[in-house]
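Here the structure is a predicted model, which means the values were calculated and not measured. Residue numbers start at 1 and run along the sequence shown.
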Amino acid sequence: QLQLVESGGGLVQPGGSLRLSCGASGGALGDYTIGWYRQAPGKEREGISCISARASDTHHVAAVKGRFTIARDNAKNTVYLQMNSLLVEDTAVYYCAAATGTCSGDGSLVAWGQGTQVTVSS
């Protein structure tokens, strides 16, 4: 079965950048649409970015659009989330998830990663 592991989180100052990675084992990441989600303390988990299986379609929510970029390297079984111009409000645990279907949410969840903490603070 597919397993996902996030990495790249950490502490960064406002305005800084981080690149998160979502690595896969037990399956081909290229078979799945990948979403990045985050959950801040006291808030619900929210989807922020998505990339389709063949990277033909990408989406970002307004809060991160223009600052975050999602990309994938299916040969490396990895999806990346490049986060630039980070804000304090970006502080959250970030998760990747694999799903069937498209970024519109028409498919079903296959796997979640364990999450990686991103803290934006001076």
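- In this structure, the side chains of R45 and W112 come closer than 4.5 Å at one or more pairs of heavy atoms.
- Residues V118 and Y80 do not share a hydrophobic cluster, clusters being chains of Ile/Leu/Val/Met/Phe/Trp/Tyr side chains in contact below 4.5 Å.
- With no hydrogens or angles considered, a side-chain donor-acceptor pair links S104 and T102 at under 3.5 Å.
- Here the shortest heavy-atom pairing between C103 and H59 reads CB-CD2, 3.5 Å.
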May I have the list of side-chain donor-acceptor pairs in residues 21-37 shorter than 3.5 Å, sequence neighbours left out?
{"unit_1": "T33", "atom_1": "OG1", "unit_2": "G101", "atom_2": "O", "d": "2.7"}

What verdict does the side chain to side chain contact (heavy atoms under 4.5 Å, CB included) test give for D57 and I51, after you've listed the backbone C-alpha separation in whole Å, the side-chain angles of each residue and the deciding distance to 0.1 Å?
CA-CA 6 Å; D57 189 29; I51 187 166; over 6 Å; no
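- Summarising the geometry of L81 relative to S49, their closest heavy-atom pair is CD1-OG, 3.6 Å, with the distance given to 0.1 Å.
- V61 pairs by the side chain to side chain contact (heavy atoms under 4.5 Å, CB included) definition with I48, A63, V64, not counting sequence neighbours.
- In terms of modelled atom types and a separation under 3.5 Å, the side chain of E6 and the main chain of C96 share a donor-acceptor contact.
- In the hydrophobic clustering of ILVMFWY residues, with side-chain heavy atoms under 4.5 Å counting as a link, V12 and V93 come out apart.
- Taking the side chain as every heavy atom from C-beta outward, I70 and V79 approach each other to under 4.5 Å.
- Between A40 and A92, the closest heavy-atom pair is N-CB, 3.8 Å.
- For S56 against S52, the heavy-atom pair with the smallest separation is N-OG, 3.0 Å.
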Between L20 and M83, does a side chain to side chain contact (heavy atoms under 4.5 Å, CB included) hold up when you go through it step by step?
CA-CA 8 Å; L20 305 184; M83 306 187 297; 3.7 Å; yes
Donor-acceptor contacts under 3.5 Å from residues 84-91 side chains, at least two apart:
{"unit_1": "N84", "atom_1": "OD1", "unit_2": "S17", "atom_2": "OG", "d": "2.9"}
{"unit_1": "N84", "atom_1": "OD1", "unit_2": "Q82", "atom_2": "NE2", "d": "3.0"}
{"unit_1": "D90", "atom_1": "OD1", "unit_2": "R38", "atom_2": "NH1", "d": "2.8"}
{"unit_1": "D90", "atom_1": "OD1", "unit_2": "R67", "atom_2": "NH2", "d": "3.0"}
{"unit_1": "D90", "atom_1": "OD2", "unit_2": "R67", "atom_2": "NH1", "d": "2.7"}
{"unit_1": "D90", "atom_1": "OD2", "unit_2": "R67", "atom_2": "NH2", "d": "3.4"}
{"unit_1": "D90", "atom_1": "OD2", "unit_2": "L87", "atom_2": "N", "d": "2.7"}
{"unit_1": "T91", "atom_1": "OG1", "unit_2": "V88", "atom_2": "O", "d": "2.9"}
{"unit_1": "T91", "atom_1": "OG1", "unit_2": "V120", "atom_2": "N", "d": "2.9"}
{"unit_1": "T91", "atom_1": "OG1", "unit_2": "V120", "atom_2": "O", "d": "3.4"}

